[in-house]
Amino acid sequence: MPHTVSLIETIAAALGLALVFGFVAVRVRLPALVGYLLAGVLIGPFTPGFVADAAIASQLAEIGVMLLMFGVGLHFSWDDLLAVRKIAVPGAIVQMIVATAMGMGVALWWGWEPGGALVFGLALSVASTVVLLRALEALGVLDSHTGRIAVGWLVVEDLAMVLVLVLLPPLAAWLGPGVGASSTAAAGAAGNALGSAAGATAPLWQALGWTLLQVGGFVALMMVVGRRLFPWMLWQVARTGSRELFTLCVVTAAVGIAFGSAALFGVSFALGAFFAGMVMRESEFSHRAAQESLPLRDAFAVLFFVSVGMLFDPAVLWERPLQVLAVVAIIIVGKTLAAAALVLAFRYPLHTALTVSASLAQIGEFSFILMGLGASLGLLPPEAASLVLAGALISMAVNPLLFHAIAPMQKWLLARSALARRLEQRDDPLAELPTSTDARYLARQVVLVGYGRVGRHVAQALVANDIPFVVAEQNRELVEALRKAGMAAVFGDAADPAVLIQAHIARAAMLVVTTPAGVNVQPIIATAQTLNPRIETVVRGHSADEAERIAQDTGSAVFLADEALAQSMSRHVLERTEMRVAGGSAPAPLHDRA
């Protein structure tokens, strides 16, 4: 077959087998990523039959890395991270240190060099954002406070790994033997090295200083110039009305910035693409950019995971079974226990601890990127990639089972463990109203569940009309802030009867649930109606079917966002039309005012 056909051959085989195995994985309730990795194993050099072109697959994987990191940057929100910063930042850092230490410890016990052991431990310490988001969406808790904690935790891990990818090349010569000019050059060709200035002959402080200077220059340029230039460019292209040009602009920015950052500043493709997504987020078209680029990102992400699977040698499963078990134990048991302990230490409920710990009991895309970089720098032994891939495959396969086991596990622990009951019912000053709370907040008040965007607007309306209310919120930091502002608020999940009892639901006039409707809404209403049969309940809904079901089951008034918007627009249209027909005038809409 002509050499020029190998590209088409590799793409066709990779995508075709990824489709088949991904479909099978989803049908058996596993993440599709497991199927993509298995497809790579099948066309890799360690299994019989067809073998894809590894060089071409590697280059396609580089594009996949760029687009994956571009997507991470495009969805990165400082506001979401700041909302859970007090638990996500220290929790993620401590958990990464613990997991890295466990991985490094077993690697050193196996006789690996310290540098390779460190990279190996870091690869086991970070979870897959893709797997987490899909798991939380399947459970319907992505928009809950617990879901935001888990996502914020992984965002901190992602940021830490971006820093590791930047600093690892200049540190490689001091981390382990076998790193010569050839390996440094190879890493540079892959977009992960930082040029000759970080060579082995330079002092460590000089290499690190030069690296941080280059990265700082790139970040400053992107934050000062890029935040203005690229959103403006996206706006100009959007004005043409061409969908093709808009998509081309988004992809060009992702790949172009990634390549330019490596060529001009010596930083990695991953970091360049991440900042490309961050600056694009500043545009009002960021949601459209994410939507238009999603098919291409998904396609190349599949190729990335397939290329990673090609590195896996199945023989490691029977040649090194104890090492594989050690890796799986660190990922599923070690990380889970460490995360659960940290969340409980921050005085969050047992359910939140179980959810966050299950979220971290897997590894994914950043682990693969780090292993590829470590291998190109000559830090890792040949079996390292296969061990990490074995751990990824097994942990991804087990992860959905862990999420489904959260509720039964919590019930079992509370029934059989006195410690679990103490943790669930421990004395927490934020879990009950202060004794100095004014009596007007203890009777005929409104109990407001959730203080997000919708809850905040409801609270402002209540304050404006001097109606007393008590907020029940799962965000500890937010409850602390509300207390400091002089508002009555209790911390906890309103599905727990103790929380509503502390909010004095038995004597309340109304219950308003502003959190996204889901599995916890009906228990909240049932508890409220049991303690206060005459209470009126108002719920936020997201779909007509959901609203009808909640209204029938609970008798609540359910408000839908689309219906509220349609009613507001209709009311405005009717008022304006009546005024014009009558020959009068009405206040101009906001977009017509000077």
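Just so you know, residue 1 is the first one in the sequence shown, and it goes up from there.
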Using modelled atom types and a 3.5 Å cut-off, is there a donor and acceptor pairing between side-chain atoms of N399 and backbone atoms of A358? yes

How close do M96 and A160 get, heavy atom to heavy atom, and via which atoms? SD-CB, 3.9 Å

Short side-chain to backbone donor-acceptor contact, S395 and A392, under 3.5 Å: yes

Give the intermediate values and the outcome of side chain to side chain contact (heavy atoms under 4.5 Å, CB included) for residues L402 and I332. CA-CA 9 Å; L402 294 178; I332 297 179; 4.2 Å; yes

Approximate separation, where rounding is to 0.5 Å, of L354 CG and L413 CG: 6.5 Å

Just wondering, do F120 and L379 contact through their side chains at under 4.5 Å, heavy atoms? no

Do the side chains of Y36 and L303 get nearer than 4.5 Å, heavy atoms only? no

If I take atom CG from residue D313 and atom CD from residue E383, how far apart are they, to the nearest 0.5 angstrom? 10.5 Å

Could you tell me whether a side-chain N or O of S357 sits under 3.5 Å from a main-chain N or O of A340, the two making a donor and an acceptor? no

Quick one: does any side-chain atom of T47 pair with a main-chain N or O of L42 as donor and acceptor, under 3.5 Å? yes

What closest approach, in Å, do V34 and L393 show between heavy atoms, and which atom pair accounts for it? O-CD2, 4.0 Å

Look up atom CE in M104 and atom CH2 in W112, then write down how far apart they are to the nearest 0.5 Å. 12.0 Å

Please determine whether side chain to side chain contact (heavy atoms under 4.5 Å, CB included) holds for the pair F305 and L38, giving the CA-CA distance in whole Å, both sets of side-chain angles, and the decisive distance to 0.1 Å. CA-CA 9 Å; F305 290 116; L38 290 175; over 6 Å; no

Look up atom CD1 in I93 and atom CG in L342, then write down how far apart they are to the nearest 0.5 Å. 11.0 Å

Within a strict 4.5 Å, meaning less than it, do heavy atoms of the V327 and V388 side chains meet? no

Could you state the interatomic distance from CD (E157) to CG (L360), rounded to the nearest 0.5 Å? 5.5 Å

Taking the side chain as every heavy atom from C-beta outward, state whether L370 and L168 have any pair of such atoms under 4.5 Å apart. yes

For the student: nearest non-hydrogen atoms of A276 and A254, plus distance: CB-CA, 4.2 Å

Tell me, do L380 and M371 make a side-chain contact under 4.5 Å, heavy atoms counted? yes

I330 versus A99, closest heavy-atom pair with distance: CG2-O, 4.3 Å

If only atom types and distance count, is the side chain of E473 paired as donor or acceptor with the main-chain N or O of N475 below 3.5 Å? yes

Min side-chain heavy-atom separation I406-F403 under 4.5 Å: yes

Should V356 and W153 count as side-chain neighbours, where that means a heavy-atom distance under 4.5 Å? yes

More than 12 heavy atoms of other groups within 6.0 Å of F259 CZ: no

Within-4.5 Å side-chain heavy-atom neighbours: V126 and I363: no

Looking at Q362, is its backbone amide N or carbonyl O close enough to the side chain of K335 to form a donor-acceptor pair, meaning the two atoms are under 3.5 Å apart? yes

Any chance you could measure S125, atom OG, to I331, atom CD1, to the nearest 0.5 Å? 10.0 Å

When every non-hydrogen atom of F346 is compared with those of K86, the smallest separation belongs to CE2-O, 3.2 Å

